[in-house]
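Inspection log for the structure reproduced underneath, given as structure tokens.
In what follows, chains are A, B, ... by sequence order, proteins preceding strands, each numbered from 1. Values below: all heavy atoms of this structure, side chains included; hydrogens, waters and symmetry mates excluded.
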2 protein chains.
Amino acid sequence: MDQLLDILKKNQLSVTEGRKKILGLFLNSPGALAHADIEKNTDASFDRVTVYRTLQTFVDKGIIHNIPTTDNSILYALCKDNCEAGHHHDNHVHFICDVCDKTICMDHVSVPEIKLPKGFKQRQADVVISGVCSDCK
Amino acid sequence: MDQLLDILKKNQLSVTEGRKKILGLFLNSPGALAHADIEKNTDASFDRVTVYRTLQTFVDKGIIHNIPTTDNSILYALCKDNCEAGHHHDNHVHFICDVCDKTICMDHVSVPEIKLPKGFKQRQADVVISGVCSDCK
DNA sequence: TGTTTTTTTGCAACATTATTGCATTTTTCT
DNA sequence: AGAAAAATGCAATAATGTTGCAAAAAAACA
């Protein structure tokens, strides 16, 4: 309940209806959300622009991060680790189901070490696995 | 030289100016290409629609694949392995440089085995690593 | 609590990116 | 070369993302 306010206040954000509602969606969603999901689940009670700006604010503050996708959609998910403003450091494994098309953030799966050629320096690693999820198998 | 024709013919595609030019770009490019890159490098000699359709055709045939990105751009790269039409099976590691913003397809880096929770079946794995590339370090 | 300051929101307009149908052109096959 | 098939360009349309500015809401302060 107050988790919402906690997160917003910790990040020095004004508490508004829009931010509460959108952050609530993330807290109650197991997977990642696309912009369209958010618009759908807020009953169009907010302007598109507000959604865009809210998401951007959350990313800036390190509350959510975006997930690489192969289509041209942008997916967002909560940062579970202690991301700081402007500096995300989670190495995520995401799973996209070919059947139901859901994206699931696999918190319990760790990203293995990857050996890069000389001269390359890794900051962040995102792994996107496609296949069939446990619900659709 | 005839590599172009080879690829097109092997995939039962008509040989047209557009396809030759676009495929040529991929063959001569070390990294991945965005739609915008292609339009830029073809001197607007083709309609935007043609570029879209050509890229889609190449993806369908398994000549190129698209790469997950965290912004809303779509990147394409040649399939090095023997992808078949409608069935890509390359496990790619891609590197996005924070400095020069280039995307590099790391053919020599293999994707490590990732253990998924029970019930999940992996088809493809994409790894996107961001950091600083060897040119910018 | 009421007032001022700061921040956020909504609207409108605009920009960019992607898609579809159809007539014309190009390519392929014989 | 001629017929059939496929690809292209154009126009219109849709979807998606951005910006400026005035109104509204939230925060700060007395």
Side-chain angles (χ1 to χ4, degrees), chain A residues 2 4-25 32-61 63-64 66-76 85 101 103, chain B residues 2 4-26 32-61 63-76 85 101 103:
Chain A
D2 290 77
L4 272 174
L5 300 180
D6 249 38
I7 294 175
L8 292 177
K9 292 213 169 129
K10 251 183 206 143
N11 288 282
Q12 299 161 331
L13 290 173
S14 308
V15 177
T16 67
E17 280 308 302
R19 286 176 181 165
K20 278 194 285 182
K21 202 151 190 178
I22 291 176
L23 185 51
L25 283 179
L33 296 173
H35 178 96
D37 296 324
I38 290 156
E39 279 199 284
K40 211 174 298 161
N41 286 296
T42 49
D43 294 326
S45 45
F46 305 109
D47 195 86
R48 280 159 44 77
V49 180
T50 303
V51 178
Y52 280 114
R53 289 197 271 226
T54 304
L55 290 172
Q56 189 55 55
T57 304
F58 286 177
V59 171
D60 290 344
K61 290 291 187 180
I63 300 171
I64 61 176
N66 51 19
I67 299 170
T69 58
T70 48
D71 57 0
N72 63 328
S73 70
I74 309 184
L75 288 179
Y76 300 90
D101 221 47
T103 297
Chain B
D2 290 76
L4 271 176
L5 300 181
D6 250 37
I7 293 175
L8 291 178
K9 292 211 171 133
K10 250 182 208 145
N11 288 282
Q12 300 160 330
L13 290 173
S14 309
V15 176
T16 67
E17 280 308 303
R19 288 178 180 166
K20 279 194 284 182
K21 204 151 190 177
I22 292 176
L23 185 50
L25 283 179
F26 279 106
L33 295 174
H35 179 97
D37 296 324
I38 291 157
E39 279 198 284
K40 211 176 296 162
N41 286 297
T42 48
D43 293 326
S45 45
F46 305 109
D47 195 87
R48 279 163 50 75
V49 180
T50 302
V51 177
Y52 280 115
R53 287 197 271 225
T54 303
L55 289 172
Q56 189 54 55
T57 303
F58 286 177
V59 171
D60 290 343
K61 290 291 187 180
I63 300 171
I64 61 177
H65 63 277
N66 51 18
I67 298 170
T69 57
T70 48
D71 57 0
N72 64 328
S73 69
I74 310 185
L75 288 179
Y76 299 90
D101 220 47
T103 297

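For A:Val15, the side-chain atoms get nearest to D:dA27 when compared with the rest of D:dT18, D:dA27, C:dA18. Taking the side chain of A:Leu13 as heavy atoms from C-beta on, and the options C:dA18, C:dT8, C:dT28, the nearest nucleotide is C:dT8. Comparing D:dG17, C:dT9, C:dT20 against the side chain of A:His35 picks out D:dG17 as the nearest. Nearest nucleotide to the side chain of A:Thr50, out of C:dG10, C:dT17, C:dT20: C:dG10. For A:Asp47, whose side chain is taken as the heavy atoms from C-beta onward, the closest listed nucleotide among D:dC10, C:dG10, D:dA7 is C:dG10. Listed nucleotides: D:dA26, D:dT8, D:dT16. Nearest to the side chain of A:Ser14: D:dA26.
Between the two ends of the helix from C:dT1-D:dA30 to C:dT30-D:dA1, each summarised by a five-pair axis, the helix axis turns through 40° (rounded to 10 degrees).
As a whole-Å value, the separation of A:Leu55 CG from D:dT16 C1' is 14 Å. Counting to the nearest Å, the P atom of C:dT19 and the CZ atom of B:Arg48 are 10 Å from each other. Rounded to an integer number of Å, the gap from CD1 of A:Ile74 to C1' of D:dT16 is 9 Å. To the nearest angstrom, P of C:dT8 lies 15 Å from NZ of A:Lys20. Computed from coordinates, the A:Lys21 NZ to D:dA25 C1' distance equals 17 Å when rounded to whole Å. Whole-Å rounding puts the A:Gln12 CD to C:dT6 P distance at 16 Å. Protein atom CZ of B:Phe46 is 13 Å distant from nucleotide atom P of D:dC10, rounded to whole Å. Rounded to an integer number of Å, the gap from CD of A:Glu17 to P of D:dA25 is 11 Å.
Base engagement by A:Arg53 is indicated by at least one non-hydrogen atom pair under 4.0 Å involving a base atom. No engagement by A:Thr57 is indicated, since no non-hydrogen atom pair under 4.0 Å with the nucleic acid exists.
The shortest side-chain heavy-atom distance between A:Val15 and A:Leu4 does not fall under the 4.5 Å cut-off.
Looking at every heavy atom in both residues, A:His35 comes nearest to A:Arg48 through CE1-O, 4.0 Å. Here the closest heavy-atom approach between residue B:Tyr76 and residue B:Phe26 is recorded as O-CE2, 3.4 Å. Residues B:Ala32 and B:Ile67 come closest through the heavy atom pair CB-CD1, 3.4 Å.
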Only pairs under 3.5 Å count here: list side-chain donor-acceptor contacts from residues 49-58 of chain A, not counting sequence neighbours, and write none if there are none.
residue	atom	partner	partner atom	Å
A:Thr54	OG1	A:Thr50	O	2.6
A:Gln56	NE2	A:Asp60	OD1	2.9
A:Thr57	OG1	A:Arg53	O	2.7

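Separating the CD1 atom in A:Ile7 from the CD1 atom in A:Ile63 is a distance of 6.5 Å, to the nearest 0.5 Å. The NZ atom of A:Lys21 sits 13.0 Å away from atom CD1 of A:Ile38, with the distance rounded to the nearest 0.5 Å.
Sequence order on DNA chain C of the closest nucleotides to B:Ser73 and B:Thr16 puts B:Ser73 first from the 5' end. Annotation: of the two residues near DNA chain D, A:Lys9 and B:Val51, the 5′-most nearest-nucleotide partner is B:Val51.
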After noting the C-alpha distance and the side-chain angles of A:Lys10 and A:Lys61, does the key distance pass the side-chain contact (heavy atoms from CB on, under 4.5 Å) rule?
CA-CA 10 Å; A:Lys10 251 183 206 143; A:Lys61 290 291 187 180; over 6 Å; no
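Put simply, the side chain of B:Arg19 and the base of D:dA7 share no donor and acceptor less than 3.5 Å apart.
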